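Comments concern the structure below.
Bear in mind the structure is a predicted one, so any value in this text is a computation, not a measurement. Naming: A, B, ... by sequence-line order, numbering from 1 per chain.
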There are 2 protein chains.
Amino acid sequence: MPGPVTLADVARAAGVSLATASRALNGAPGRRVGGELRSRVLLAAARLHYSPNANAQAMARGTSATVGLVVHDIADPFAASVASGVIEAAAERDLLVSVSATQWDPETEIRHVEALRRQRARAVILAGSRWADDEVEERLVAQLAGVVAAGGHVAVVGQRLASVNSLALGNAAGARRLARVLWTLGYRRFAVLSGSERQVTSEERLTGFRDGLADCGHRLPDENVIATQPTRDGGYVAMTELLDREIDVEAVFAISDVMAVGAMAALREQGYRVPQDMALAGFEDIPALRDLQPPLTSVRIRLDQLGRRALDLALGAPSTGAPAPTSSPPSAGSAADPVHLVVQGEVVVRASTPVRTVAGGAG
Amino acid sequence: MPGPVTLADVARAAGVSLATASRALNGAPGRRVGGELRSRVLLAAARLHYSPNANAQAMARGTSATVGLVVHDIADPFAASVASGVIEAAAERDLLVSVSATQWDPETEIRHVEALRRQRARAVILAGSRWADDEVEERLVAQLAGVVAAGGHVAVVGQRLASVNSLALGNAAGARRLARVLWTLGYRRFAVLSGSERQVTSEERLTGFRDGLADCGHRLPDENVIATQPTRDGGYVAMTELLDREIDVEAVFAISDVMAVGAMAALREQGYRVPQDMALAGFEDIPALRDLQPPLTSVRIRLDQLGRRALDLALGAPSTGAPAPTSSPPSAGSAADPVHLVVQGEVVVRASTPVRTVAGGAG
DNA sequence: CTGTTAGCGCATTCAG
DNA sequence: CTGAATGCGCTAACAG
């Protein structure tokens with residue numbers, strides 16, 4: 001057991017100085033190491049199974065090779081897809097991704113950001129919906145500022161945070177379009193399964209949906225909005241509740257796909273058919289949707305690209321090896337000038353919301 | 001912008017020495033810091049927004065607060081569930097989880113392990129199926145040995161790797177039981193959608209299924225085994241292929257749930273009904289399964305617990321704060337004595353494989 | 001109980 | 001182009 005072999009060991013074995021060994025291995029900018037020495041170092045490193053200590057490198061360099069990703073729940077398809085994109089993009093830059101899960105708890109989120117800050121993460125990406133809570137948000141922003149102060153970059157995806165780079169979703173716009181599409185398809189009586197009114201994403205989609213109906217001269221009754229957890233089980237509960245209320249509804253908009261999935265399960269269990277007895281639509285278009293029966297109408301967001309773009313947003317365009325486009329320095333994600341992008345979703349109509357025949361269908 | 005505030009700054013602000021500040025903040029074992037000084041340090045740290053540099057800590061302590069998790073694809077439900085468990089368990093220990101994805105490429109896997117080794121990860125967990133390739137496996141094991149040499153712990157989950165702690169699945173046993181259950185339900189003509197024959201998990205499940213049928217005096221024809229990618233799309237392709245071959249089959253076993261999902265999609269597209277025209281079963285019982293129509297028969301593995309247990313296996317039982325059970329030192333996951341556990345799965349019969357009526361059903 | 005002093009492993013000045 | 005020396009921020013012996 002050679003134990004931890006250090007760069008010094010390699011240097012000694014190669015008969016060169018520490019500095020030379022370091023340069024030979026890293027290819028120090030400008031200073032290249034002579035062919036013979038260089039290969040001697042490389043050989044020694046290989047022979048000793050040398051593995052550079054990333055922590056030491058991080059300290060010496062002042063920046064680590066880790067990016068942090070904070071999600072609510074990695075098992076949630078939304079988070080999993082975004083994470084997939086982030087991890088893929090990070091791998092291309094030789095960065096590792098630390099994923100942490102908040103379980104929808106804002107305090108936990110703050111703690112995770114703090115942990116990432118300690119790691120001197122090169123970037124921190126926050127994915128998922130945020131709460132409307134000024135006090136908590138202030139502390140979160142403070143932590144994020146700490147990350148930036150430590151040389152890290154920050155981006156939030158899936159919502160907008162004022163002082164931070166963000167890749168928001170066109171929640172309101174997407175839901176609004178969806179509402180109009182449903183209207184056009186012939187639906188007239190709607191219900192919405194939403195999250196808490198303090199969840200920004202949920203509220204935006206709800207509001208957008210309302211506005212879309214308003215565009216058509218329709219008003220969504222408040223009692224047709226059921227608020228629960230924005231999870232699969234939340235959707236199940238909400239739909240059950242809706243059915244219990246015996247409100248006359250033709251089409252239900254679940255503000256997220258996972259909720260729609262739960263809603264569908266509830267409908268099935270109660271003996272309702274989709275779409276004959278109830279049309280159903282979601283938001284996000286998670287991959288699993290296409291395997292449901294019937295396939296669900298939704299608002300498509302390219303989730304994996306979202307993750308990719310979030311990293312790009314935080315770190316600046318990926319260095320493709322080729323010299324940069326001579327434009328601004330690759331310092332996107334800085335403090336001063338947060339960039340706010342919005343990704344619009346496209347309504348994808350599937351079998352869960354067919355054209356509604358005038359008479360009122362089979363129901 | 002106070003810039004990076006260090007422990008030295010805190011010490012100075014509190015009017016104490018570096019060591020005292022460190023101890024006040026960490027609660028050094030044995031030596032506690034006097035109440036007055038202690039609170040002075042804490043106050044200074046808070047006021048300065050001090051954030052300890054985890055890299056420096058890792059270097060000084062010789063061990064980091066990161067564990068690595070290597071999966072094929074984080075968007076795959078199997079991986080996502082396991083990751084969820086690992087992340088949760090890690091959070092309880094104040095550890096961060098670096099997730100990397102191999103995209104089913106063994107070389108990439110080795111590179112990721114190497115990266116984790118550089119990070120001096122406290123533990124490395126490999127999840128997912130392995131290939132039967134001695135040369136590659138040897139190099140992987142060498143990397144893992146490097147991790148251990150650097151003080152890290154290692155565990156593989158989902159298969160067995162000789163020299164490493166493992167949390168294997170009862171693949172053969174589970175598939176065998178499944179076969180017998182299907183036989184008992186009345187099915188007689190089978191096909192299997194498998195992965196490559198070089199994938200250990202796939203082979204084990206296939207073999208187990210074969211054995212189960214053999215237990216019933218039946219022999220699975222070789223041409224009824226279709227090998228593809230062990231993904232959702234692979235399942236789709238395989239089922240399409242199977243239908244093309246026009247082999248007379250009553251029940252199909254897809255060696256993983258995601259493959260079964262793809263298979264189901266193919267069946268539906270071709271106008272076949274599950275289970276009337278074809279019964280279908282998978283393996284793993286991923287959460288999404290219950291939302292399919294019909295719900296899929298599968299072999300249940302508690303995936304999130306798998307992740308949890310994997311971390312426990314690598315790191316030893318979680319320190320619950322209470323004094324340890326005086327048993328062996330918490331050094332499970334060492335080099336010398338790899339622990340090999342097997343998690344058995346339970347066959348869960350659902351609507352996709354109903355009792356088959358003697359005549360041959362509606363088909 | 002507290003302060004002093006070494007390193008941890010590496011990148012990087014600065015000389016040569 | 002190469003080597004010697006410094007310091008990154010922190011913990012852990014050591015002394016006092």
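- The CG atom of B/L7 sits 9 Å away from the C1' atom of D/dT11 (whole-angstrom rounding).
- Listed by chain and residue number, A/V16, A/V41, A/A44 satisfy the side-chain contact (heavy atoms from CB on, under 4.5 Å) test with A/A14 (two or more places apart in sequence, or in another chain).
- We find that CD of A/Q119 is positioned 16 Å from P of D/dG9, with the value rounded to whole Å.
- For the pair A/N55 (side chain) and B/Q119 (backbone), a donor-acceptor distance under 3.5 Å is present.
- A salt bridge links A/R12 with A/D9: at least one charged nitrogen is closer than 4.0 Å to a carboxylate oxygen.
- Just one of B/I125, B/L313, B/N165 meets the side chain to side chain contact (heavy atoms under 4.5 Å, CB included) condition when paired with B/V157; it is B/I125.
- Applying the 3.5 Å distance criterion, the base of D/dG3 shares a donor-acceptor pair with the side chain of A/R23.
- Nearest nucleotide to the side chain of B/T20, out of C/dG9, C/dT2, D/dT11: C/dT2.
- Remark: P of C/dT2 and CZ of B/R38 are 11 Å apart, rounded to the nearest angstrom.
- Residue B/S17 places at least one side-chain N or O closer than 4.0 Å to OP1 or OP2 of C/dG3.
- Atom C1' of nucleotide D/dG9 and atom CZ of B/R12 are separated by 13 Å, given to the nearest angstrom.
- Across the protein-nucleic acid pair, A/R117 atom CZ and D/dG9 atom P stand 14 Å apart, rounded to whole Å.
- Side-chain nitrogen and oxygen atoms of A/S22 include at least one within less than 4.0 Å of the OP1 or OP2 phosphate oxygen of C/dA11.
- Listed in residue order, the members of residues 52-63 of chain B having a heavy atom less than 4.0 Å from DNA chain D are B/P52, B/N53, B/A56, B/Q57, B/M59, B/A60, B/R61.
- Rounded to 10°, the angle separating the first-five-pair axis and the last-five-pair axis of the helix from C/dC1-D/dG16 to C/dG16-D/dC1 equals 40°.
- In this structure, A/H112 contributes its side chain and A/A101 its backbone to a donor-acceptor pair below 3.5 Å.
- One interatomic measurement links the two molecules: CG of B/D9 to P of D/dC8, which rounds to 11 Å at whole-angstrom precision.
- A donor-acceptor pair is defined here as one N or O able to donate and one able to accept, closer than 3.5 Å; such a pair exists between the side chain of B/Q159 and the backbone of B/R130.
- None of A/E114, A/R120, A/R117 except one satisfies the side chain to side chain contact (heavy atoms under 4.5 Å, CB included) rule with A/V147; the exception is A/R117.
- Judged by distance alone, the side chain of A/H153 and the main-chain N or O of A/R122 form no donor-acceptor pair under 3.5 Å.
- Atom CG of B/L18 is separated from atom C1' of C/dA6 by 12 Å (rounded to the nearest Å).
- Using modelled atom types, one side-chain atom of A/H340 and one backbone atom of A/A162 make a donor-acceptor pair closer than 3.5 Å.
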